[in-house]
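Here the structure is laid out as structure tokens; the discussion comes afterwards.
In this chain, numbering begins with 1 at the start of the sequence shown.
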Amino acid sequence: MNTDALTLLQDENTSAEILDQLSTEENPFVRVRVAAHINTSAETLVKLSKDEIPLVKQFVAEHLNTPVDTLVELSQDSDLSYWIAGNPNTPVEILKELSKHEDENVRSSLAVNPSTPAEILDLLMIDENEDVRAAVMKNPVIQAKNAK
């Protein structure tokens, strides 16, 4: 990887157009950094959601610019459940499914998601796993309620 690409990837002002160009790099490290960059466009994230490198898909799954239909598609891959559960743009139907996930890390990720509906948070508050219950208390919506 050339140092110019690394410099661009570390710059928070790098444009979506440049990031889109970098998303086609052969080096998987570059594609991971593009998928994680705050300015990466929805269009670029859709392309990267098809990447063969799992880490690239993980960053796409948690990125706030990832379109809902792409999140729905990625939610079919159980290896991405943790990242999908934490994304505030994940549709409620998928969040409901993930609330029953066997992996407590997925439920913990869901518990801190500010978009998780109250009825799901209520269930997670009585989860068998202590870490999941603790994660609910870190949810911004719960913290805002407790601050009143």
Measuring from atom NE2 of H63 to atom CD of Q58, what distance do you get when rounded to the nearest 0.5 angstrom?
14.5 Å

All pairs passing side-chain hydrogen bond (donor to acceptor under 3.5 Å, both in side chains) where residues 115-127 contributes a residue, at least two apart
R107-D127

Which residues pass the side-chain hydrogen bond (donor to acceptor under 3.5 Å, both in side chains) test with K138, sequence neighbours left out?
none

Residues which pass side chain to side chain contact (heavy atoms under 4.5 Å, CB included) with V72, listed by chain and number, not counting sequence neighbours:
V68, P91, I94

So which heavy atom on I84 is nearest to which on A61, and how close?
CD1-CB, 3.7 Å

Not counting sequence neighbours, which residues clear salt bridge (Lys or Arg N to Asp or Glu O under 4.0 Å) with R31? List them please.
D51, E52

When you group the ILVMFWY residues by side-chain heavy-atom contacts below 4.5 Å and let the links chain together, are L22 and I53 in the same group?
yes

Check whether L19 and L64 end up in the same hydrophobic cluster, where Ile, Leu, Val, Met, Phe, Trp and Tyr are linked by side-chain heavy atoms less than 4.5 Å apart.
no

Heavy-atom check, side chain of T14 versus side chain of L9, under 4.5 Å
no

For the residue pair L121 and I142, establish whether any side-chain heavy-atom pair is separated by less than 4.5 Å.
yes

Please collect all salt bridge (charged side-chain N to carboxylate O under 4.0 Å, His left out) contacts where either partner lies in residues 82-103, sequence neighbours excluded, each pair once.
none

Contacts of type side chain to side chain contact (heavy atoms under 4.5 Å, CB included), residue S15, not counting sequence neighbours
E17, I18

Could you tell me which residues satisfy side chain to side chain contact (heavy atoms under 4.5 Å, CB included) with F59, sequence neighbours excluded, listed by chain and number?
V32, A35, A36, L55, E62

Could you work out, with side-chain hydrogen bond (donor to acceptor under 3.5 Å, both in side chains) as the rule, every residue matching E73, not counting sequence neighbours?
K50

If the condition is side chain to side chain contact (heavy atoms under 4.5 Å, CB included), which residues does S23 pass it with, not counting sequence neighbours?
D20, V34, T44, K47, L48

